[in-house]
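What follows is a structure written as structure tokens; I'll ask about it next.
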Amino acid sequence: MGLQIYDFVSFFFTILLDIFFREIRPRGAHKIPQKGPVIFVAAPHANQFVDPLVLMRECGRRVSFLAAKKSMDRRWIGAMARSMNAIPVERPQDLAKAGSGTIKLLDRYGDPLRVTGLGTKFTKELLVGDQISLPKDVGSSAIVEIISDTELIVKKEFKDLKALELLTNPEGSKYKCLPHMDQSNVYKTVFERLNAGHCVGIFPEGGSHDRAEMLPLKAGVTIMALGALAANPSLDLKIVTCGLNYFHPHRFRSRAVVEFGEPLTVPPELVEMYKRGGAEKREACGKLLDTIYEALRGVTLNAPDYETLMVIQAARRLYKPTHRKLQISQVVELNRRFVAGYMHFKDNPKVIEAKDKVMHYNTQLRYHGLRDHQVNIRITRRHAIGMLISRLAQMIFLSCLALPGTLMNLPVAIVARVISNKKAKEALAASTVKIAGRDVLATWKLLVALGLMPVLYFSYSVMVFIYCGRFDLALKSRLLIAWAAWALIPFVTYASIRFGEVGIDIFKSIRPLFLSIIPGEENTINELRRARSELQRTITDLINELAPEIYPDFDSTRILDPKPNDRPSRSASGTNLAQTIFNTAAQPLSQWLGKDGRFDWERTEDSDADDVFFFLNPAGGIQGRSRANSWGGAYTPSADGSRSRNRSRTSSFTSGQIQLGEGFKLEALTELPRDKPFAEVTRRLSVSRKHRHGLEGMTRSDTDENEEGGPRRDSNGGVSTPPISVSQYADSDVVSKSKDV
């Protein structure tokens, strides 16, 4: 297929996403079918118009998303949506109107389907098939018969306690009238796209939100899948679930993980049930919806509350391998597994005791203003003073470098903040499911920046043009200088962002240095170290004891197995060019900033800054920058032939019916020397493994290949790096003494 306007618009938005987010990490992208019709089902819908852009960037297919007609009626948003082949959907809630009077149940037990009105106009405001909805979305029901202006029959009774409380109030309850929508044209369009072998994307929750949990899924996705297969039984349709996991989606330079589940095939028996209609059709839709819901739970984080998530993340940090930097996709997966284990054993007395200890440890960290990864930093007072002076100088220097771009873009930042907060309040007032309206913030920040930045940069160019007139330059020279200024400003902006990020990281590292200098605080730090060490042993022993009960193949001595199939994030080439220019220009500065060997920005231990998901942190919580894997990694071909970094690892941590993706075996992990290149470690491990199996004869070509730094590959092109076990290798240069994490 040739280039389309979709590709140009997608490329443009990819650049915007590369600027807005620090990192977007895909997981499981190799599972996506490269040909044939696919329905992408994504949740949670936590970032309004940004969600489809992130998904389109990472899935590698052209996707037509279903979008609310209300949004597509907006001038600029609609134009962009139509260029991306979006399918408009008219939603009942967008056309809802407040009903006259109030409604109530006169006989809750004897006749729960009969609704009586006080001052209502049912015959004028409602039709059979419409719905009545109670405030705050506590209940709704379709109308099957309108008897009079003050009496009607609904299809299903209201069972929610809050709904019953409203309807049994003597004064009755306010309500909204939702019209019945005929979506046959929408389904027809979807069927045409799928029959043509294209992809369709849908957010089955029905709208964006900022709640802690997924909303109930709408049945529309099941009608699309079953209806398409009923009309065309030979259609090779797949359903791919997508988990959108954000670390503060509304914040500039935050991070995200997009996880793709295994493609689902609709069982033929459900298609036959759907064809027969009636109750069997509803049953088929219900079964398929349950399957999709469970698949979505497998690619999203589902902690019951914020407190539990904080405990889970602290336990994960305490259990992770020493000197092992987890990618953000691995953090998401490991958090999910800890949540699954906690929910299974939450009533176990040992788990309850460990939870209390972890909560107390977190409280102590907050009291002293420290992060978990800063507790184990051991440094003398003299060295701390030197590092403090050095980092203060670095921070001041970086602040000066970041200042020009910050001042130039300050008007955009202020306007974007004001408008996005206003839109959040409007969205909150118009919604029954939003908590604070944070799901619209990132969208409006991007839209405001998209409109103001070109105008602002053009204004700066005009100012340069006018200023050059003071030097009696020729008109052509003045125009050339103004154009050069306009082209240079985006690079200045990008450099300011990068310098500012590093400066903020330095600022966060200063407090532990102050504590190391202040007399008497050393005992406090030592107490925290002892508490952390004890917690490490407690959590390690607890997991080794309980994990085999839910994971029969649990192996406490195993490290992560390689899995080279995940594609890298699809960054725009324009952004890559800016990154390359910046990295080249800033290389001397980077060497200076990391000269003490204790503050390598790309290797800093992950902390609570790497963990917090926005929808479980209403207060804004903790910020953090992306962390790179300290081991590096060799390029390996992915399933689609692209080149990707082999950093994602799996193990036998999952089994049975629990499908949790990539695995981590974390206790008693080996430590690899940080001053040795990973290729050298791989070479020695390969040689040791072959000797162990009696394969003494290595060919010269194999030896040369490994000594040149390339990882050994199998016949399928994958990396043949075995799991590392403490007992397998005695080479002290390769594997140091194993210990509990």
Side-chain angles (χ1 to χ4, degrees), residues 7 10-11 13-34 38-47 50-63 65 199 201 203 238-247 249 253-264 295-296 298-301 325-336 560 562-573 575-576 579 610 613 626-629 633 635-650 659-664 718:
D7 302 304
S10 178
F11 175 80
F13 281 117
T14 295
I15 295 177
L16 289 185
L17 292 177
D18 283 337
I19 296 174
F20 188 84
F21 290 99
R22 289 185 180 183
E23 182 180 8
I24 301 177
R25 171 76 60 172
R27 221 173 156 268
H30 64 280
K31 303 173 185 176
I32 301 173
Q34 296 303 300
V38 176
I39 298 179
F40 289 98
V41 184
H45 195 5
N47 217 354
V50 176
D51 284 341
L53 299 180
V54 171
L55 189 54
M56 286 188 296
R57 162 197 167 108
E58 301 300 341
C59 72
R61 300 283 303 269
R62 292 173 180 159
V63 185
F65 278 94
C199 301
F203 295 90
K238 302 294 182 184
I239 300 175
V240 176
T241 53
C242 315
L244 301 173
N245 302 284
Y246 291 102
F247 295 72
R253 302 300 287 174
S254 60
R255 296 168 295 147
V257 175
V258 184
E259 182 163 357
F260 299 95
E262 293 289 345
L264 303 176
L296 280 173
V299 293
T300 54
L301 185 65
K325 314 305 181 297
L326 301 181
Q327 301 171 18
I328 59 173
S329 58
Q330 296 172 327
V331 169
V332 171
E333 175 63 19
L334 193 51
N335 282 340
R336 186 181 301 124
L560 314 178
K563 184 175 182 178
N565 293 324
D566 279 348
R567 288 196 294 260
S569 181
R570 297 172 177 269
S571 299
S573 58
T575 314
N576 288 337
Q579 292 175 348
D610 296 317
F613 292 86
S626 59
R627 313 291 183 191
N629 187 334
Y635 278 101
T636 60
S638 65
D640 62 348
S642 62
R643 293 170 66 84
S644 62
R645 283 201 178 272
N646 178 25
R647 295 182 177 180
S648 180
R649 312 237 174 219
T650 63
Q659 299 296 329
L660 295 175
E662 298 175 15
F664 302 86

Examine distances only and state if a side-chain atom of Asn245 and a backbone atom of Val299 form a donor-acceptor pair shorter than 3.5 Å.
->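 Yes.
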
After noting the C-alpha distance and the side-chain angles of Phe13 and Met56, does the key distance pass the side chain to side chain contact (heavy atoms under 4.5 Å, CB included) rule?
-> CA-CA 10 Å; Phe13 281 117; Met56 286 188 296; over 6 Å; no

Of all the heavy-atom pairs spanning Gly298 and Glu259, show the shortest one and how long it is.
->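 Gly298 and Glu259 have their closest heavy atoms at O-OE2, 4.3 Å.
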
For the residue pair Thr300 and Ala43, what are the closest heavy atoms and their distance?
->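 The answer is CG2-O, 3.4 Å.
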
Any donor-acceptor pair under 3.5 Å linking the side chain of Arg22 with the backbone of Ser254?
->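 Side chain of Arg22 to backbone of Ser254: no pair is present.
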
Which pair of non-hydrogen atoms, one from Ala295 and one from Thr241, has the smallest distance, and what is that distance?
->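 Ala295 and Thr241 have their closest heavy atoms at CB-CG2, 3.6 Å.
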
Which atoms form the tightest heavy-atom contact between Leu296 and Val41, and what is the distance?
->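 Taking Leu296 first and Val41 second, the nearest heavy atoms are CD2-O, 3.5 Å.
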
Looking at side-chain heavy atoms only, is the closest gap between Leu17 and Val50 below 4.5 Å?
->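 SC-SC contact between Leu17 and Val50 confirmed.
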
Are the side chains of Val258 and Leu244 in touch, meaning some heavy atoms are under 4.5 Å apart?
->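 Yes, side chains in contact.
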
Looking at side-chain heavy atoms only, is the closest gap between Arg61 and Ile32 below 4.5 Å?
->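 Yes, side chains in contact.
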
Which heavy atom in Phe40 sits nearest to a heavy atom in Cys242, and how many Å separate them?
->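 So the two residues come closest at CD2-SG, 3.7 Å.
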
Side chains of Tyr246 and Val54 in contact at under 4.5 Å (non-hydrogen atoms) |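 SC-SC contact between Tyr246 and Val54 confirmed.
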
Can Phe65 and Phe203 be said to form a ring-ring contact (aromatic ring centres under 6.0 Å, His included), step by step?
-> CA-CA 8 Å; Phe65 278 94; Phe203 295 90; 5.6 Å; yes

Spacing of Asn47 atom CG and Leu53 atom CG [to the nearest 0.5 Å] =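 Going from the CG atom of Asn47 to the CG atom of Leu53 covers 9.5 Å.
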
Is Lys238 close to Ile39 at the side-chain level, that is, under 4.5 Å between some pair of heavy atoms?
->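 No, every pair of side-chain atoms sits at 4.5 Å or beyond.
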
Rounded to the nearest 0.5 Å, what's the gap from CD on Glu262 to NZ on Lys31? Could you check?
->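 Answer rounded to 0.5 Å: 4.5 Å.
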
Start with the C-alpha distance between Asp7 and Arg62, add both sets of side-chain angles, then the distance that settles side chain to side chain contact (heavy atoms under 4.5 Å, CB included), and finish with yes or no.
-> CA-CA 8 Å; Asp7 302 304; Arg62 292 173 180 159; 2.6 Å; yes

4.5 Å side-chain heavy-atom contact, Val240 and Cys59 =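 Side chain of Val240 against side chain of Cys59, heavy atoms only: no contact under 4.5 Å found.
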
Between the side chain of Arg27 and the main-chain N/O of Gly243, is any donor-acceptor distance below 3.5 Å?
->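 Between the backbone of Gly243 and the side chain of Arg27 there is no qualifying donor-acceptor contact (under 3.5 Å).
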
Main-chain N/O of Ile19 paired to Arg253 side chain as donor or acceptor, under 3.5 Å =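 A pair under 3.5 Å: yes.
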
Distance, nearest 0.5 Å, that separates NE2 of His30 from CZ of Phe260 |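 Spacing of NE2 (His30) from CZ (Phe260) equals 11.5 Å.
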
Can you find a heavy atom in the side chain of Phe20 that is under 4.5 Å from one in the side chain of Ile15?
->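 No. Closest side-chain heavy atoms not under 4.5 Å.
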
